[in-house]
**Student:** 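Below you will find the structure I want to go over with you.
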Amino acid sequence: MAKELGIPNKDVIKKIWAEYGLDERSIKEAVEMLQDWIQLQPHLPKEEGSLHEARLERWLIRCKNSMERTKQSVDMYYTLKSLSPEMMSDWNLQSKWFKTVSKLAYFTAMPQMTPECERVVCIGLLSSDPTDLVMEDWCRMAQMTLEVRMCEDYSLRDIFISDLAHYTPAHVTKYSFAALKKGIVCTTKAFSTRLKAIHYINAPPFAGVAVEILKSVLSSKLAARVHVHGSDLTELHKQVPKESLPTEMGGCGGSISENWNLWLKKLETYQNWFLQHENVKSDEKKRLGGNAISSDLFGFEGSFRKLDVD
């Protein structure tokens, strides 16, 4: 039976701290330094409170205790909220786009972490009908779950598992290079999601096109972490413990529908926060040294820059 994503116990948290030589005192000092730095940035919003501090702590963990990388990620988060509204805004569960896509697709983090403190994230379709599926909306819904995890979750790395069981050739035509690129930039840069692996399962022969599109926007380092499986999940089970997998993937973590329904309820609890946070973003007119350019971030113009993720 599925259960809600829970905050790890103190022993797990200390294990994650130890990965980067952190303790309660050093984290407190780092968070204070980040808050002081934000105050000096005229283009960044000034947030306060325990939730903001908790988010800064998670940014620090995800950036492997690198102050410089954490600053870059925090800046990127607020910048993308300004420059990529199709991914990072209108996070309203009452919007037509959300009601539609949440019935067609899922992006659900499993409650049980692996022994290595990694979070398994299951991605897939709930329907084989591609008519109303909009790739941009699916990516935007994913960012909403990542936002909640930034507030509550505590893990070292992510393992993405994309189930292609409901994919048809018509879905391949729905793949948007631009949407995929922006979604990955938001995922890996704004939220500093560290991807250990990306697994495709139940892959039909025509899925190769979708896989190659994904690899084309990744660095060679991350592209090498993409694994494709058919219906035989033997190799997946060697890499991911069954306790962290849903029943549809041979695991014991509850069904996809149970887990996704729990996530939808979790997102509902953040509805007011999403709306209040809508305009908490960078003011590019006040950025020292000039505005951030969207094409520089997403690589749509000039030389194409792949993502450097570790």
Side-chain angles (χ1 to χ4, degrees), residues 2-5 62 80 84 86-93 95 97-113 118-128 130 132-153 155 157-167 171 174-176 179-202 210-211 213-214 217 226 240 244-246 248-249 251 253-271 274:
K3 60 181 180 179
E4 188 174 325
L5 184 73
R62 294 180 178 203
L80 288 172
S84 188
E86 68 276 22
M87 295 288 165
M88 302 288 283
S89 68
D90 191 21
W91 289 356
N92 186 345
L93 279 70
S95 296
W97 76 264
F98 182 86
K99 291 183 177 181
T100 299
V101 75
S102 61
K103 294 177 181 178
L104 298 174
Y106 59 88
F107 189 93
T108 180
M110 296 298 291
Q112 181 64 48
M113 283 196 299
E118 296 157 347
R119 185 70 66 188
V120 172
V121 179
C122 297
I123 308 163
L125 296 169
L126 296 168
S127 168
S128 296
D132 297 321
L133 182 66
V134 178
M135 175 67 74
E136 287 82 355
D137 292 342
W138 192 0
C139 292
R140 174 162 47 173
M141 182 175 68
Q143 305 312 314
M144 294 171 69
T145 67
L146 292 171
E147 184 80 80
V148 172
R149 288 184 57 204
M150 184 62 84
C151 295
E152 297 189 12
D153 198 10
S155 55
R157 289 167 290 271
D158 278 13
I159 299 171
F160 281 10
I161 304 178
S162 182
D163 189 349
L164 303 182
H166 287 300
Y167 273 67
H171 282 102
K174 290 281 185 174
Y175 256 66
S176 164
L180 188 60
K181 172 70 175 180
K182 288 187 177 183
I184 292 175
V185 169
C186 292
T187 299
T188 59
K189 297 300 184 181
F191 294 107
S192 287
T193 302
R194 298 181 57 210
L195 291 170
K196 178 181 181 180
I198 301 173
H199 295 273
Y200 282 97
I201 66 171
N202 296 313
V211 174
I213 291 175
L214 172 67
V217 301
V226 176
V240 184
S244 301
L245 292 172
E248 291 88 342
M249 298 179 191
S255 69
I256 288 293
S257 61
E258 289 175 322
N259 281 283
W260 184 229
N261 285 334
L262 285 175
W263 260 102
L264 290 175
K265 290 179 181 178
K266 171 62 71 173
L267 289 172
E268 287 177 4
T269 67
Y270 276 80
Q271 169 74 348
F274 285 150

**Student:** Of all the heavy-atom pairs spanning Met135 and Ala179, show the shortest one and how long it is.
**Tutor:**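 Taking Met135 first and Ala179 second, the nearest heavy atoms are CG-CB, 3.7 Å.
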**Student:** Taking the side chain as C-beta and beyond, is there a heavy-atom pair between Arg62 and Met150 under 4.5 Å?
**Tutor:**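 Touching, per the 4.5 Å side-chain cut-off.
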**Student:** Contact between Val211 and Leu214 at the side-chain level, heavy atoms closer than 4.5 Å - yes or no?
**Tutor:**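 Side chain of Val211 against side chain of Leu214, heavy atoms only: no contact under 4.5 Å found.
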**Student:** What's the separation between atom OG in Ser257 and atom CG in Leu264, rounded to the nearest 0.5 Å?
**Tutor:** 11.0 Å
**Student:** Can you tell if the side chain of Lys266 reaches within under 4.5 Å of the side chain of Leu262, non-hydrogen atoms only?
**Tutor:**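 A side-chain contact is absent here, since even the closest heavy-atom pair is not under 4.5 Å.
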**Student:** About how many Å separate OG1 of Thr193 and CZ of Arg157, when rounded to the nearest 0.5 Å?
**Tutor:**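 Here the interatomic distance stands at 13.0 Å.
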**Student:** Any donor and acceptor pair, going by atom type alone, linking the side chain of Asn259 with main-chain N or O of Gly253 inside 3.5 Å?
**Tutor:** yes
**Student:** Testing the basics here: between Met88 and Ala190, what is the closest heavy-atom pair and its distance to 0.1 Å?
**Tutor:** CE-CB, 4.4 Å
**Student:** Below 30° counts as parallel, above 60° as perpendicular, anything between as tilted: where do the rings of Trp91 and Phe274 land?
**Tutor:** perpendicular
**Student:** Is a side-chain donor or acceptor of Ser95 paired with a backbone partner of Phe98 at a separation under 3.5 angstrom?
**Tutor:** no
**Student:** Rounded to the nearest 0.5 Å, what's the gap from CD on Glu248 to CD1 on Ile161? Could you check?
**Tutor:**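 Nearest 0.5 Å value for the CD-CD1 distance: 12.0 Å.
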**Student:** Measure the shortest side-chain to side-chain distance between Gln143 and Leu146 over non-hydrogen atoms and say whether it is less than 4.5 angstrom.
**Tutor:**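 Heavy-atom side-chain distance check passes, below 4.5 Å.
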**Student:** Hey, does the side chain of Lys174 reach the backbone of Leu133 with a donor-acceptor pair shorter than 3.5 angstrom?
**Tutor:**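 Yes, because the side chain of Lys174 sits within donor-acceptor range (under 3.5 Å) of the backbone of Leu133.
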**Student:** Work out which heavy atom in Cys186 is nearest to a heavy atom in Ser84; give both atom names and the distance.
**Tutor:**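 That closest heavy-atom pairing would be SG-OG, 4.3 Å.
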**Student:** Atom OG of Ser162 and atom OH of Tyr167: how far apart are they, to the nearest 0.5 Å?
**Tutor:** 4.5 Å
**Student:** Applying side-chain contact (heavy atoms from CB on, under 4.5 Å) between Asp163 and each of Asn202, Ile256, Leu125, report the one that passes.
**Tutor:** Asn202
**Student:** Taking side chain to side chain donor-acceptor pair (under 3.5 Å) as the definition, give me every residue that meets it alongside Lys196, ordered by chain and number, with sequence neighbours left out.
**Tutor:** Glu118
**Student:** Heavy-atom distance under 4.5 Å between the side chains of Met141 and Tyr106, does that happen here?
**Tutor:**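 Side chain of Met141 against side chain of Tyr106, heavy atoms only: no contact under 4.5 Å found.
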**Student:** What's the spacing between Leu164 CG and Ile123 CD1 if we round to 0.5 Å?
**Tutor:**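 These two atoms lie 10.0 Å from each other.
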**Student:** Name all residues meeting the side-chain contact (heavy atoms from CB on, under 4.5 Å) criterion together with Thr100; count only those two or more places apart in sequence or in a different chain, and write none if there are none.
**Tutor:**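 By the side-chain contact (heavy atoms from CB on, under 4.5 Å) rule, Thr100 matches Lys96, Leu104, Asp132.
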**Student:** Are the side chain of Asp158 and the backbone N or O of Phe160 linked by a donor-acceptor pair below 3.5 Å?
**Tutor:** no
**Student:** Is any side-chain heavy atom of Met110 closer than 4.5 Å to a side-chain heavy atom of Leu245?
**Tutor:** no
**Student:** Would you check if Val148 and Leu267 make a side-chain contact, meaning some heavy-atom pair closer than 4.5 Å?
**Tutor:**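 They are in contact (side-chain heavy atoms under 4.5 Å apart), so the answer is yes.
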**Student:** Find the distance between OG (Ser155) and CZ (Arg194) and round it off to the nearest 0.5 Å.
**Tutor:** 10.0 Å
**Student:** So, for Cys122 and Pro246, which heavy atoms are closest and what is the spacing to 0.1 Å?
**Tutor:**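 Scanning both residues completely, I find the closest heavy atoms to be SG-CD, 3.7 Å.
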**Student:** Are the side chain of Arg119 and the backbone of Ala109 linked by a donor-acceptor contact shorter than 3.5 Å?
**Tutor:**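 Pair absent, no side-chain N/O of Arg119 close to backbone of Ala109.
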**Student:** Less than 4.5 Å apart, any side-chain heavy atom of Asp90 and any of Arg140?
**Tutor:** yes
**Student:** Give me the atom names and distance for the closest heavy-atom approach of Ile159 to His199.
**Tutor:**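 Minimum heavy-atom separation between Ile159 and His199: CG2-CD2, 3.8 Å.
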**Student:** Looking at residues at least two apart in the chain, or sitting in another chain, which of them share a side-chain contact (heavy atoms from CB on, under 4.5 Å) with Ser89?
**Tutor:**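 In terms of side-chain contact (heavy atoms from CB on, under 4.5 Å), with neighbours along the sequence ignored, Ser89 is linked to Pro85, Glu278.
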**Student:** How close do Trp97 and Asn92 get, counting heavy atoms only, and between which atoms?
**Tutor:**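 Result for this residue pair: NE1-O, 4.5 Å.
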